Every structure is written in structure tokens, then in C-alpha cells.
Amino acid sequence: MDWELFSSSFWPILRGALTGTIPLALASFAIGLVIALGIALLRLSANPVLSWLGRAYVSLIRGTPLLVQLFVVFYGLPSIGLVVDPWPSAILAFSLNVGGYAAEVIRAAILSVPRGQWEAAYTIGMPSRTALRRIVLPQAARVSVPPLSNTFISLVKDTSLASLILVAEAFRQAQEIAAFSSEFMLVYMEAALIYWLVCTVLSVAQDRVERRLERYV
Amino acid sequence: MSDPYTGEPGTGEPGAGGAPVLRARGLRKSFGDHEVLRGVDLDVRRGQVVALIGPSGSGKTTLLRSLNGLETPSAGVLEVAGAPALDFSRPVTKEQRNALRDRSAMVFQHHNLFPHMTVLQNVTEGPVQVQRVRRATAEARATELLRRVGLAEKRDAYPRELSGGQQQRVGIVRALALEPDLLLFDEPTSALDPELVGEVLVVMKELADEGWTMVVVTHELSFAREVADEVLFLSDGVVHERGAPRELFTHPREERTRQFLHRILNPLH
């Protein structure tokens, strides 16, 4: 095994993770959660048109490959005159994707809050929007942390697809080193190791957050 | 409105001469094909305590929930504390329902405290978020109310750290903090362990003595007998009998009332 290559390529790949993979995942996750909340509320709406729109969105996102979604944004949008750079393209595609998956998590979490909580909020005079914001969502947030952390960890790994639209994240760095050195096994195993390290750290963080939240539920 | 601080008790005969706080006529409510309320009239005067008793499924909880808009009756007229009368044969607007809720507060069977908030936050949430009372004012008032039900030192605890009786007392304080014209209780002791029932009933009796206007759905006949000014016996969605508790409990006129009381007082026979 070529330890010299291993150690000289470790930092470039890790740097790709720190400056590419993780910021990409964080930005997409944050925007995706906002989309997801909107879609979840659409789905829960009493208005049939709105709830159909929400369902259609979720179905579309879940029923198509992430790679296809990414290519539609990066290669497809320019054909209708919308040229988006690799980074914004990747963030857009991943956000839309997370929006679809996390919407289902958030919807289920909102539904898991007992009816009595809404009623108690109503009887202290709250309109439904305030009841949602002050009473229901904080409780739903606690329920949705474990499944949403899983969504986030999946997203971290999925961002490797952004290498295909030339975003300089961890896997793109690995590809370049591999192509240059022809040591495919070594370099890709190294990339796998680095993803695994990052995800393990995230899992530990997830565990901590969950244990903190358990105190209140 | 009665003042919970000075707590003026009613004038002599409790609730006899107070102004009307609630007037309901011909309330009806159906769930699907099943008609749960079949034309109920109800009058409550300021300072009066009205107990609703009856077998489960009699419609008493539905009636109570209709009084602050958690259920929308399908017909009838409802007037609470000077809010514009609601005619349920027409669609009820959000504004009308809010006006109704502004005047009453509810204590639930399963307290429904907000688990992510401390006791103090539970109590101040309505005043601060809805009534726009200054936080400091609301907190001072909440602390005083908590002190009066013996829970001052629990103000920073979370609901799950309290016993069932304590939780329900916080539920009552949360309702009181809104300074409603009308307090609604939905079987407030039914979910409690027997040894915890007393502490909640004691608080409710004190509120009655202070002159709060209360409508109480209850299975605690001793409470109804001792505290209520009027008892309504509901069965199958109608009021079969109403009257002063002493009268109704000792000389029920209706056979159904007699049977119900007998079953509750002698469950083994």
C-alpha cells in the first residue's frame, strides 16, 4: 500500500469535505427544511387543491432519482435560459429534494401532537397560526429530530453526486487524485473512510441532541 | 367579572340574582347520523355554579365544548357574556368563534398542559401571547395564582415533573389567568387517581366561593351536591331534569334520574 499517496491525499479529500460536502449539505438542509415545512402545511391543509399540490410535490421528488433532479437543474435549466452555476445548482437541487422527504417527516410529526394540545391552545384564545407556531411545532420539532437527522446524514452522502456537476466537494477531489495517480482502490477507499468519519461524527452529535430533547418530552 | 384577589363571594343566596353570563337555546349537534345534542337550553348567571351530570354519551361534554367553540352546534342560539348572540343555523365565522372563546376558559379532563413549557410559561402563555399583557405583569399575576393553589414553588417545573393533581391545578390556574367570565370544567377529576381528586375539588370549591361563574361536567356527585347552585341531568342529548342539587339528588322527579343516581351511588346493585 502506498502510504505516501494515502497521507498526501488525505488532506485534500478532507478539505473537500469541510469546504464542499459539509457546507453544501448544511445549506441545502436549511433551505430544504423551510420548503419541507411549507409542503407539510400544504398537505395538511383542509383546502383540497393545496393538499393535492403538496402531495404531488412529494410524489414527484420521491418518484424520481436525485441524480436526474440534479441534472434537470444544472443541464436542463440553461435550455430555458436559466444558467445557474454549479454550487447554486447543487444547493437548489438538494434543497428541493430534502423538501420532499422532510415534508413527510414534518407532517407526521405535526399529526403526532395530540389533538388536546390544539384545543388547549384554542381555549386560551390562540388563532390556529399562533397555536401551530407556539404550541404544536415546538413539540413536533422534538419528535422529528431523529428522522430528520437521518435525512441529513443521507444528504451528506448524496452530495457526492454534485461531483458530476463539477462542485469541488470531497468526492470530486478524490476523483481527481485517483485519475492522476491511477490508484483507484486506495483513493476511493480513502474517500469512503473520510465520508464514514464525517457521518460518525454527525451520528454522535445526533445522539447528543436526541438525549437533550428527551428531557422535555 | 369577579376579582380572584379580593374574591367577593356572591350575595347571600349564591348566583340567585347575578346578571346572565350564558344563555343557550335549542342547541343541537350531530356527529354523522348520531344526534348527540337534541335541543338543550342552558342559563347561567354571574357567580353561579352549574353541574352537568349524566351517563357517558349523554352529550354533556359536547354541550360544554360547544360553549367555547370546540364543537360547533348544528342549530341553536348561544350568547356568552355579552358577546353577540350566535345563531348556529348560519355558518359561524372565525371572528364569532374567537369572540366566544375570549369570554370563557376550559379545564380539560387530561389537563392538556403544554409539555414543552414550564408551569409559569403555561400560565402566562395566554395572557402574554393572546391578550398582550406585559410579561412582567402576567408573571406576577401567575405567581400569585399559583401561590393560591399551593404551587408557587413549582413555577419553574415542567408539567411531567408534577403529580396528576398538581397538573390539574396548573390547568385550572392557566384558565384563571385569562380572567374569563365563564370557567368550563370537563370532568376535571375523572383521569386522576382517587387520592388526588380531593386537592382539585378543594380548589374548585374555593373558586365557587369566590364567586367565579362555572359550568362543570362531573361524576363527583358530592361535589355537585355541595358546590353547585343548579344541577342538570342529561341523557340522550336532552336535559331530563334540572334543579337545586338537594332537590334533585334527594327527590328526583324523573325515573331516568333516579336510575342514574342509583347506579352511581350503589355501583354493586
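In what follows, every heavy atom counts, from backbone to side chain, and hydrogens, waters and symmetry copies are set aside. What you are looking at is a predicted structure, and each value in this text was computed from that prediction instead of being measured. Lettering follows sequence order; numbering is per chain, from 1.
With a threshold of 4.5 angstrom between heavy atoms, B:Asn98 does not approach chain A through any atom at all. Both the backbone and the side chain of B:Phe114 come within contact range of chain A, each with at least one heavy atom under 4.5 Å from a heavy atom of that chain. For B:Leu184, no part sits under 4.5 Å from any heavy atom of chain A, backbone or side chain. Residue B:Arg97: no heavy atom, backbone or side chain, is found under 4.5 Å from chain A.
For the residue pair B:His116 and A:Arg134, the shortest heavy atom distance occurs at NE2-O, 3.0 Å.
Chain A forms the most heavy-atom pairs under 4.5 Å with one residue out of B:Glu125, B:Met106, B:Gln131, and that residue is B:Glu125.
Residues of residues 117-131 of chain A lying within less than 4.5 angstrom of chain B, judged on heavy atoms, are A:Gln117, A:Glu119, A:Ala120, A:Ala121, A:Tyr122, A:Thr123, A:Ile124, A:Gly125, A:Met126 in numerical order.
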